[in-house]
Amino acid sequence: MTAPTFADPIEQHHYDTITERLGVNRLKAEAAAGHEPSLDAEPAVAKPAESLRDLATEAAVLKLLAERVAAAQKDVKTRTQQALDAAEKRDGTERVVASLPTGEQVATISLRKGETGPVVTDEEALARFVRRTWPDEEWTTTRIVREVKPWKLAELVAEIDAAGATKLVDKVTGEVLDVPGVVIKPTRARTYAITWRKGGKDTTAEAWRTGALAKQLAAITAVGAE
């Protein structure tokens, strides 16, 4: 860009002085920031805003995929467990390698046999038994538990929810009461959820991208799978 010239020497002098000072100040600022001064630096270009329509499409597509993946995963989990149980019973197989159609081994699936053990389902019955069998031992305790009746609890919680605070109004006296034992907190988390041999994920993703997993993904991509 060519600097303007003025017929009046005074005006030209003022313009040259201001231009020089602006340039010096910019160079000082760049030096203070640790950057090499440059008189030819290009202005920063703002990143274009994402298209709301594109974002909406991406969100819809991913939601559909998530729903279909969840359904397919539930189905294959049941069938895989049945196959593993049968293989373990037949010949002792407890582990199998997951391989892509191209032969790359990307993961290993191992059988977990599970455990069995005692689980208390009626503590009161157990306590009566212990007390009756060993009456001289202090192995049990007796306590009174006070609870709010379910219908009233639901009513109180609804009132607190409507107020947006842990307070209730006494309908007789009109007094505003602080309610202990209740807190206001999120009941549904704001979250966006998603958690192989090394490189297995990338290899599998590439196989998906190229269509090599069409058979394995049939349940997800099938038309009319709703």
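The salt bridge (Lys or Arg N to Asp or Glu O under 4.0 Å) search around Lys215 returns none, not counting sequence neighbours. In this view, Gln105 and Arg197 satisfy the side chain to side chain donor-acceptor pair (under 3.5 Å) rule, not counting sequence neighbours. For the side-chain contact (heavy atoms from CB on, under 4.5 Å) test, residues two or more places apart in sequence or in another chain that qualify with Ile160 are Leu168, Val179, Val182, Ile184. Applying the salt bridge (Lys or Arg N to Asp or Glu O under 4.0 Å) rule to Asp75 yields the partners Arg79; only residues at least two apart in sequence or on another chain are considered. Not a single salt bridge (Lys or Arg N to Asp or Glu O under 4.0 Å) links Arg131 to another residue, sequence neighbours left out. In this structure Glu138 satisfies the side-chain contact (heavy atoms from CB on, under 4.5 Å) test with no other residue, sequence neighbours excluded. Arg112 meets the salt bridge (Lys or Arg N to Asp or Glu O under 4.0 Å) test with no other residue; sequence neighbours excluded. Residues meeting the side-chain contact (heavy atoms from CB on, under 4.5 Å) test with Leu100, sequence neighbours left out: Thr102, Glu104, Val106, Thr203, Thr204, Ala207, Leu213.
Residue pairs meeting the side-chain hydrogen bond (donor to acceptor under 3.5 Å, both in side chains) criterion with at least one partner in residues 156-169, sequence neighbours excluded, are Glu159-Lys171, Lys167-Asp178.
The other members of the hydrophobic cluster of Ile109, by chain and number, are Leu84, Val96, Leu111 (side-chain heavy atoms under 4.5 Å, ILVMFWY only). Residue Val176 is found in a hydrophobic cluster whose other members, listed by chain and number, are Val169; membership requires side-chain heavy atoms under 4.5 Å apart, directly or through intermediates.
Here the straight-line distance linking atom CH2 of Trp151 with atom CG of Leu156 works out to 8.5 Å at 0.5 Å rounding. In this structure, the separation between CZ on Arg68 and CG on Leu64 is 5.0 Å, given to the nearest 0.5 Å.
More than 12 non-hydrogen atoms from other residues, nucleotides or ligands lie less than 6.0 angstrom from CD of Glu137. Atom CD of Glu155 has more than 12 heavy atoms from other residues, nucleotides or ligands within 6.0 Å.
Counting all heavy atoms, side chain and backbone alike, Ala212 lies closest to Pro101 at O-CG, 3.3 Å.
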Please list, one pair per line, the donor and acceptor atoms closer than 3.5 Å that link side chains of residues 51-62 to other protein atoms, with sequence neighbours excluded.
from	atom 1	to	atom 2	distance (Å)
Ser51	OG	Arg53	N	3.3
Ser51	OG	Asp54	N	3.2
Thr57	OG1	Arg53	O	3.0

